[in-house]
Chemist: 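A single structure is presented below for examination.
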Amino acid sequence: MSSPDPQVRAARNPADLSSEPTAADADRRQVTETSGPADPLPGGRKQPAGAFEAADTPEPAAERPARPVRGPVVAVTGAAGGVGALLTERLAASEEIKRVIAIDERRGECEGAEWQILDVRDPALAEKLRGVDVVVHLALDLDLESDPAARTAFNVRGTQTVLTAAPAAGVHRVVLCTSAMVYGALPDNELPLSEDAELRATAEATGVGDLLEIERLAKRAPRTHPGLNVTVVRPAVLVGGGADTALTRYFESPRLLVVADSRPAWQFCHVEDLCAALEYAVLERVEGDLAVGCDGWLEQEQVEELSGIRRMELPSAVALGAAARLHRIGLTPSPAGDLAYTMYPWVVSGSRLHHAGWRPKWTNEEVLGELLEEVAGRHTVAGRRLGRKDATVAGAAGAAGATVALLGTAAIVRRARKARRRI
C-alpha cells in the first residue's frame, strides 16, 4: 500500500488519529481527490503524488548509456575506390550496421571502417572474414583498357576466393554485383525484363563473359556450401563513382551512332541508387537476385533531344562489321558485341526492390544530365578515347569526320588483306 499524500502526513500527528474522521480530515480528502488519482505502479500499487515529475525528467545526455548496435558486421571488397568506396562510406555511417571491414590492395579514405590490405584472391581472405556476417564483393576489373586475359583471371578468381573463404569463415551471406547486361540486348526482349528473365547475353561484349561466369559461380555456391545465401545485384547503365564503360563513352562521341532499324531503350542507374540497393541486400530487407535502375526508360529520340547530340545512322552490316574490324586490329577497345547494347532494349523492372520499399532517387533524365557533365571535354570515337591532339584533328575535320575516318580505316585494312590473299 502506498504512503499517504506528504502534505496530509505532515499535518497529522498521533493525537489526531481516531476512528471518526474530523472535518479537517474531510477537507483534506476533498483536496486530494480533486487533484486526480495517482498513476498506477506495477502490481496495482499507486504512485505517490508528485512522483511522476521526477520520473519524466530526462536523463542528462552525458549519463545516458549508449545503445549497442545490433546490426551485421559487413565486409566490402574493392573498398578503396569506385562503388566500393561509396558503399563503405554509406555503411560506416549507418546506425543499422555494427562494423565495416574494408578490404582492398590499398587503403582508402573511409575512417569509419577497419582496413585489411590484401589481394582479394589471397587465400588469407578467410582469416580476415572471421566474425563477419555479410560480404559485399565489389573488387572487379571492368576497365576497357585492361588486358582481357588478366581481367578475367582477376574477376573470376577473386569471386571464387570470396565464395570459398566466406563460408569457411562463417559468413552467412554474400552479395555480388554484376550488370543487367547479363540479360542480353535482344530485339525480342520484353520491356521491362523481370529479375527472373533468362540470362541470354553472350561473351562478345566487354567484360560480359566474366559477369556471366560470376553469375554461374553464384548459382553453384549455395549447393556447394549449404547455408550460404548469395544475392546478385544487376544495375542498368551505371553512372557516377568513376564508371567508365563502352556505354558511358557512347556519349563522348561527336555523333551518336544509331544502327538502322534498331530499337534502343536507355535505362540508367546512378551509383547512389545502386549503393542503396546494396544496403537493402546487406540488411536482408529483400531476397533473391535483384535488378536496379531508374524507373522506366528513354527512347533514342529522347536521348538525342536531351543531350543535344545528333545521330549518325549506319546500316547494321556496316556498323557491326566495322566495329569488329576496328577492335581486331587494335584501334578500339570495344568489341562489336558492345554495339548490341545501343541497338536493342535490356531495361529491367526492379520489382523485388520496389516491393521491399526501395525507390530510386534519380530519374533517367537526371542521370543522363549528370553523365553529360562528367564526360564534357572528352572525345571518343568508336569506343576509343582520343587524346588532346586527336581531338583537335577531329574537331578540324568536322564532328562526323573522325567516325568516318575510323570506318574508312577498317575498309582500307580489309582491302589490303584481300589484295595480299590474291598475291
Chemist: Check R234 with D289, please: is the shortest side-chain N to carboxylate O separation under 4.0 Å?
Modeler: yes
Chemist: Measuring only between side-chain heavy atoms, which start at C-beta, is P222 closer than 4.5 Å to N229?
Modeler: no
Chemist: Rounded to the nearest 0.5 Å, how far does CG of N155 lie from CD of Q160?
Modeler: 11.0 Å
Chemist: Would you be so kind as to tabulate the donor-acceptor pairs closer than 3.5 Å made by side chains of residues 100-113, with sequence neighbours excluded?
Modeler:
{"residue": "D104", "atom": "OD2", "partner": "A79", "partner atom": "N", "Å": "3.2"}
{"residue": "D104", "atom": "OD2", "partner": "A80", "partner atom": "N", "Å": "2.9"}
{"residue": "R106", "atom": "NH2", "partner": "A80", "partner atom": "O", "Å": "3.4"}

Chemist: How about L278 and V175: do any of their side-chain heavy atoms sit closer than 4.5 Å?
Modeler: yes
Chemist: Please round to the nearest 0.5 Å and tell me the distance separating atom CG of L217 and atom CG of L212.
Modeler: 11.0 Å
Chemist: I'd like to know whether L256 forms a side chain to side chain contact (heavy atoms under 4.5 Å, CB included) with V303, so could you lay out the CA-CA distance, the side-chain angles of the two residues, the decisive distance to 0.1 Å, and finally the verdict.
Modeler: CA-CA 10 Å; L256 298 180; V303 167; 4.2 Å; yes
Chemist: Run through L176, V232, V182, L163 and flag the one making a side-chain contact (heavy atoms from CB on, under 4.5 Å) with I214.
Modeler: L176
Chemist: In this structure, are over 12 heavy atoms from other groups packed under 6.0 Å from R216 atom CZ?
Modeler: yes
Chemist: So do L368 and L298 actually touch side chain to side chain, heavy atoms under 4.5 Å?
Modeler: yes
Chemist: Check this for me: D188, atom CG, are more than 12 non-hydrogen atoms of other residues, nucleotides or ligands nearer than 6.0 Å?
Modeler: yes
Chemist: Give the C-alpha distance, both sets of side-chain angles, the deciding distance and a yes or no for side chain to side chain contact (heavy atoms under 4.5 Å, CB included) between V83 and L274.
Modeler: CA-CA 8 Å; V83 178; L274 173 59; 4.0 Å; yes
Chemist: Looking at residues at least two apart in the chain, or sitting in another chain, which of them share a ring-ring contact (aromatic ring centres under 6.0 Å, His included) with W362?
Modeler: H270
Chemist: Using a 4.5 Å cut-off on heavy atoms from C-beta on, say whether the side chain of R263 contacts that of P187.
Modeler: no
Chemist: If you take all heavy atoms of D122 and L118, which pair is closest and at what distance?
Modeler: CB-CD1, 3.8 Å
Chemist: Can you confirm whether the side chains of H354 and D295 place a donor and an acceptor under 3.5 Å from each other?
Modeler: yes
Chemist: Among V292, V348, T178, find the residue that satisfies the side-chain contact (heavy atoms from CB on, under 4.5 Å) test when tested with P235.
Modeler: V292
Chemist: May I ask you to test the H327-S334 pair for a side-chain heavy-atom distance under 4.5 Å?
Modeler: no
Chemist: Answer yes or no: is there a side-chain heavy-atom contact under 4.5 Å between M343 and P264?
Modeler: no
Chemist: Under the rule for side-chain hydrogen bond (donor to acceptor under 3.5 Å, both in side chains), what residues qualify as partners of R90, not counting sequence neighbours?
Modeler: E279
Chemist: Are any of the side-chain nitrogens in R99 or E114 under 4.0 Å away from the carboxylate oxygens of its partner?
Modeler: yes
Chemist: Which residues satisfy the salt bridge (charged side-chain N to carboxylate O under 4.0 Å, His left out) test with E190, sequence neighbours excluded?
Modeler: none
Chemist: Please list, chain by chain and in numerical order, all residues satisfying side-chain hydrogen bond (donor to acceptor under 3.5 Å, both in side chains) with T152, sequence neighbours excluded.
Modeler: D210
Chemist: Looking at E287 and R173, is there a salt bridge between them, counting it only when a charged N and a carboxylate O are closer than 4.0 Å?
Modeler: yes
Chemist: Salt bridge check, D244 against R249: does any charged N sit closer than 4.0 Å to a carboxylate O?
Modeler: yes
Chemist: Can you confirm if the aromatic rings of Y341 and W266 lie within a centre distance of less than 6.0 Å?
Modeler: no
Chemist: Measure the shortest side-chain to side-chain distance between T363 and C294 over non-hydrogen atoms and say whether it is less than 4.5 angstrom.
Modeler: no
Chemist: Less than 4.0 angstrom from a charged side-chain N to a carboxylate O is my criterion; do R255 and E304 meet it?
Modeler: no
Chemist: Test: ring pair (Phe, Tyr, Trp, His ring centres under 6.0 Å). Region: residues 123-180. Which pairs qualify, not counting sequence neighbours?
Modeler: none
